[in-house]
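Notes for the one structure printed next.
Any value given below was found using the heavy atoms of this structure, including those in side chains, with hydrogens, waters and symmetry copies removed. Within every chain, numbering begins at 1; the chains are lettered A, B, ... in the order of the sequence lines, protein sequences first and strands thereafter. For clarity, every value in this text was computed on a predicted model and none was experimentally measured.
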Amino acid sequence: MSLFNFWKKEENNLFDENITIEETRFVVLDTETTGFDYDNDRILCIGALVLQNGIINVQESFEVYLEQEHYDKSTAQIHGILKDLLVKRPTELEALQQFLDFLGDSIIIAHHTIFDVTMINRALERNRLPQLQNKTLDTAYLYKKTLIQSHLFERKDHYTLDDLADKFDISKKDRHTALGDAYITAIAFLKIVKKLREKKAVNLNQIFKY
Amino acid sequence: MKNTISQRVADFLKGYPPFNFLHQKDLEKLSEQISIIYKEKDSVIFAENDKTHDSFYVVHKGAVALKKSTKNTVLDMCDEGDIFGLRPLLAQENYIMEAVAHEESILYAIPIAVFKPYALENRNVGNFLIESYASNTRNPYSDIHKDKLYGDDQLNENLHSSNHSFDLAPIKYSKKIVTCSPSTTVKDIAKIMNKKKVGAILIVDEMLPIGILTDKDLRNKIVTGDFPITTTAETIMTKPVITYPKKMTVTEAQMAMMKSNISHLCLTKDGTVNTKAVGILSKHDVMVALGNNPAVLIKALKRTKKIKEIKPIRNQIMQLLQGYLDQNIPMTLITKIITELNEACTTRVIEICIEKMSSPPPVKFAWLALGSQGRGEQMLHTDQDNAIVYENVNEVFRDETRIYFLKFAGLVNKGLFEIGYDYCPADMMASSPKWCMSLVDWKAQVHHWITNPGKNEVLLSFIFFDYSMTYGDSDIVNELSDAIFEYVKANPIFYMHLVSGALQSPSPTGFFRQFLVEQDGANKDSFDIKRRALMPLTDAARLLTLSHSVKGISNTAERFEKLAELEPNNRELYLSCSYSFKALLKFRTKQGLLHHDSGQFIELESLTKMEKIKLKRTFKTIKELQELISVRFNISNLV
C-alpha cells in the first residue's frame, strides 16, 4: 500500500464508479394495502414500472390486483379497491411470481420504500419464497437531501408523495392507485436527481451514499 | 395491456389534435405503446441531420425548441400538446432541425409504426396532418396562433433573411368576436364591452357583419348627449363595415387602418361583407405584432384572465430584455423597466388569485418581494422569495385570518411557479407560516432577529430587510419599516453582525489575481458572480444605508448613489461601486439569457480578454469598499 492510500478514507463502494444513473435499470414500485400492519394487512395491488435512461415505457409496466381474504372496509375509501372488483385477479403466490420476474435484479425505488418492501417480504415469507435482495432507494429520503439544510427552517420529518407532487408540479390525478403513485414517484426521482446534480455530480454509487 | 399509466396518457392526448379525432378505444391502444421520456433542460432530443427515430414526440410538460444549428435561431417553440419530429418520419428523410429541451420536459414518444395506420385510416387525422403542413402552422385549429407560424416548408426561404421581417408576418387577430344584434341598446352594449374588455363590438345580422361600434362612437354620439343611452345599435353604428380577408400581414393591416382612418378591422371568411365574420383586428393587435414594447405588454397583462396566459408574456419580456441589452441601453433604465414588468406579472397573478378565493381578503395586507426581487435587481427567472404581512386582527378571528392568507399565498406561490419562478428551496415563501404573519407578529419576529443576532438571524434579516411591496397596503409596510429602524437604533450591536456578514463573502480573486472558481458540482470551474461579486456589494450597501437610516431605497445601485450624496468625501468610491454593480448585473443578465438560466455561474473560457479585464476592475472596487467598512466599524475589535 502506498503512503498516499494510507491517508485515504476506506471506501466501500457498492458499484463501480463508472456506472451512471442513466444506464441503470430501476423498478419504481408502489403497493396498495389493506392497512399499515405488517402482520395482519395484505397487499391489494402492486404497481411498478421500469425507468431507464429517463424513459418509461408504458408497455413495460406492471399492475396486478391480488386476490385477498383479508379486507378492511375503512381503507377502501383511500385506494378505492372493492373486494369484488371486476378485474381478473391472481392469487398472492401467482402475483408475487409475476412480480419477481418483472423485477429481476433491478434497483427498487419507492416512496417510503421500507413499507412497500416489508409488505412484499412478508407476503413472500407467507408463500415460502426467499426475501428480496435488491438494492433500494427512497424518494422520501432523497427529497430531503435536496432541501437547504438550516435548522431555522423547519423541515418536515415526513414528506408525503402529495408534497413531492406539489413541489414538482406532477399531476395527482391517479393518486392512490399503485401504478399511478409509482409514476409520480418515478418523475419525482428524476427531478430529485437533477436537483442533486446542481450541487454535485452524481453517479449511481454516490446516490446511495446520500 | 391497459393500465393506469396508459389511461393517464390517453386522457392527456385526447385533449389535442389529431388525437382528439381518434376513437377512445384506438387512443387507449395507442397509449399503451408509447414511452414517457424525461429530458433535462438543454438536453438534445435529436440533432440536425440525425437519422430519424422510430417515434415522433408530443410535449406533455415543459417546452421544446426547434432550432437550426447554423443560425442558432429558435424557429419554433413547442409546448404542451404540440407534436414535433413527425414530418421527417412521414417524408422518410433525416431531421432538418434540432430539437432541444428549452425547459425541463416530459415527452411522449409515439412509435410511427403504431400511429401510421390511424393516419391512413382516419380521414380527420389525415386531414389534420395535411393541413398543418400545408398551412405551415403546427395546429391549424388552434385558437391562438404561435409567434412563428413557419413550419418546415418555408424554412429554407426564411433562413436567407436573417433579420426578422416582422412586417410581412401574418397577423394574429382575436378570434373571439364580441357581437350583438342591431336592436341591442347602447347601454347594454357598453356593459358587454366593459365585461369583455374590448374597444369595439360588431353588429351582426344572421352572422353577417352589418355595422361596428367603437369606444369613440360611444363618446362622440352618446356622452355628448346627441343620443340617449336607450338608442339601439343600428341607429348609431358605423356602416358598412370595412372588411378584409383573414390572411393579412402586419403591414397590410396597418395600411388599411391608416387608409380608412379606423382603429378596428373586421375580418371575414372571403374578405367581403357577405360572408361570416371570423375575427376582429384592433390597433392593439397590430402593436403587439409589431414587436415588444413595455406599454403593450402591460396592457396585454391586464387583459389576461388565466395565469396560463401570463407565461407567454413573461417570455416576451425576456425577448425585450435581450433587445435592450443588444442595443446597449443604460442598465439603470433596463432594470427599472424589466423590474416594473416583472412586478406587473406578479401583481396580475395576485389579482387573479384574489378572484379565485371564495371571499375577498378579510383585512388589509401587503405582498412583499424579498431578496433580489425586493431590491429590484431580478431580471431573469429565479427563485421566489416573498412574504405576506397583514393587519392585526382581533384574537377571535386570528386563526381564521391566518388560514385565509396561507391558502391565498399557496395559490399565488403556485401561480408564480407556473409563470416561471421556481419555488424557494429554503421555503422562504408566503405560503409557509413563518413568512405569512400579522403586523404585530412580524414586529416581534424582526425584534427577535435584531436582539438575538446569530448567524442565521443575520442571514434572514439580510434577505428580509431588502423587501419592497408588490401589492397591497403601503401603510402596513411603512409601519414595519419604521419599527425596524427603531430596533436597529436601539441595538447597535446588531451592526457588528451586519458588518461581519458583509465582509464574509469570499474575495473574487485569489493570491495570484486569478479568478477563484467553483471546485465541485455542476458548475465546476465556473465563476460564481453572484456570491463572489454581487453579494459583497449588496451586503455593504444594505449595511451603510441602514447606518444612515435611509428608508425606502432597496436597489443596490441607487443605495450607493444615495451614499455618495450623504458622504461627499467617499463620493468617488461609492459611485464606482454603483457603476461596478450595474456592470456586474449586466454581465450576469447577459450570461443568463445566453444559457437560459439564472446567470449565476460564468464559464471563464467563454469570456473575451476584454470582458475579463472589466470584471477584474470591479473587484478592485469591492476590495476598497470592504476596507472602508472594516475601518469604519472597527471590525478588528470584533474578531
Let me know if [X] has heavy atoms under 4.5 Å from chain B in its side chain, its backbone, both or neither.
X         : answer
Leu196(A) : neither
Asp166(A) : backbone
Lys167(A) : both
Leu51(A)  : neither

remark   = Minimal heavy-atom distance between Ile55(A) and Ile37(B), with the atoms involved, is CG1-CG1, 3.9 Å
Trace of the side chain to side chain contact (heavy atoms under 4.5 Å, CB included) decision for Arg8(B) with Ser171(A) = CA-CA 10 Å; Arg8(B) 191 178 177 131; Ser171(A) 156; 3.5 Å; yes
Sub-4.5 Å side-chain heavy-atom contact between [X] and [Y]:
X         : Y         : answer
Lys61(B)  : Asp169(A) : yes
Arg197(A) : Glu40(B)  : yes
Tyr183(A) : Ile36(B)  : yes

note = Hits for ring pair (Phe, Tyr, Trp, His ring centres under 6.0 Å) against Tyr38(B), two or more places apart or cross-chain, chain-then-number order -> none
ask   = Gln33(B) versus chain A, heavy atoms under 4.5 Å apart: side chain, backbone, both or neither?
value = both
query = Where do Thr4(B) and Glu63(A) land on the side chain to side chain contact (heavy atoms under 4.5 Å, CB included) test, with the steps shown first?
reply = CA-CA 8 Å; Thr4(B) 312; Glu63(A) 187 171 43; 2.3 Å; yes
